[in-house]
Amino acid sequence: MTRSIRPLVAGNWKMNGLRAELAIAAEVAKGYAPELKNKVDLAICPPASLLFMTSAALIGTRIATGGQDCSIQEAGAFTGEISAAMLADAGASYAIVGHSERRTLHGETNAIVKEKAQASQKALLVPIVCVGETKDEREAGRALAIVRKQLRGSVPDGATAATLVIAYEPVWAIGTGLTPTPQDVAEMHEAIRAELGKLLGKSVAAGVRLLYGGSVKPSNAAELMNVAHVDGALVGGASLKAEDFLAIAKACA
Ligand code: 13P
């Protein structure tokens with residue numbers, strides 16, 4: 001498949017990983033051979049406790065790191081929060097914002113996600129803005145409408161292809177082993193590109209990377225990654241095994 005956009009495969013480790021798991025990052029780096037490096041960008045988003053050490057371990061490998069969330073605030077009395085500048089200072093290039101686990105478990109609205117995306121951009125991080133419908137919403141035929149609304153509410157104004165990544169992650173596909181059909185992914189990604197065109201202008205939208213996430217595994221990666229307008233993956237569980245993460249990356253090459 002000829003791609004006009006260089007794909008990105010990002011691993012979201014979620015709340016997994018102690019220092020011993022730095023070995024996974026090292027193994028990914030070892031397997032990131034020149035032929036893959038020429039074609040696919042990689043990023044690892046470890047828990048905040050490992051971000052600095054992961055970034056340090058990956059210096060010189062061209063594998064980026066990212067945070068999994070950031071505060072809308074820059075600094076101050078916000079116990080437990082982490083600012084975008086802190087993520088950048090720990091070596092991150094990306095920040096995942098609006099992941100469904102944050103939207104659901106922490107009540108993050110589109111407006112909050114937008115503020116987080118803007119805070120990331122201010123710290124020169126590229127936000128990976130997550131969107132996706134629930135099972136009920138898909139079954140009710142509302143998936144496209146829901147995702148369009150999430151985009152309108154959470155994409156920062158004035159974003160460019162260099163300052164924004166979108167991840168479509170159907171909530172019902174996350175950690176369940178279920179995936180949408182390639183046709184459903186194609187329809188959704190095309191709709192996302194079109195909505196971004198309205199928000200940011202067609203030429204900007206044409207270059208924004210649209211990742212698919214939700215139960216991506218080596219066994220289904222080729223099918224999902226070859227869908228039009230799929231420019232990479234946001235990988236949860238499978239990113240905790242270097243071999244699987246690299247196999248998914250290879251499916252994008
Ligand atoms: P899984 O790959 O484990 O389904 O998780 C997807 C995800 O939520 C990535 O952000």
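Indexing begins at 1, ligand by ligand and atom by atom, following the structure's order. Starting from 1, each residue takes its place in the sequence as its number.
- Considering only non-hydrogen protein atoms, atom 5 (O) of ligand 1 sits nearest to Lys14 NZ, 3.3 Å.
- Residue Thr176 has no N or O atom closer than 3.5 Å to an N or O atom of ligand 1.
- When the ring-ring contact (aromatic ring centres under 6.0 Å, His included) test is applied to Tyr212, no partner is found at least two apart in sequence or on another chain.
- Here the side chains of Thr160 and Leu200 are not in contact, with every heavy-atom distance at 4.5 Å or above.
- Closest to atom 9 (C) of ligand 1 among all protein heavy atoms lies Glu169 OE2, 2.9 Å.
- Counting protein heavy atoms only, atom 3 (O) of ligand 1 is closest to Gly237 N, 2.8 Å.
- Note: no N/O pair closer than 3.5 Å links Val235 and ligand 1 by distance alone.
- Under the 4.5 Å side-chain criterion, counting only non-hydrogen atoms from C-beta, His106 is not in contact with Ile112.
- Of the heavy atoms in Ile174, both backbone and side-chain atoms come closer than 4.0 Å to ligand 1.
- Near Leu234, meaning under 4.0 Å from any of its heavy atoms, are these atoms of ligand 1: 9 (C), 10 (O).
- For atom 2 (O) of ligand 1, the closest non-hydrogen atom of the protein is Gly236 N, 2.9 Å.
- Checking side-chain atoms of Glu137 against main-chain N and O of Thr134 turns up a donor-acceptor pair under 3.5 Å.
- Classification of Lys114 and Asp157 as a salt-bridged pair holds, one side-chain N sitting under 4.0 Å from a carboxylate O.
- The shortest separation from a heavy atom of Ala238 to ligand 1 is not under 4.0 Å, leaving the residue out of contact.
- Polar contact check, His99 against ligand 1: a nitrogen or oxygen pair lies under 3.5 Å apart.
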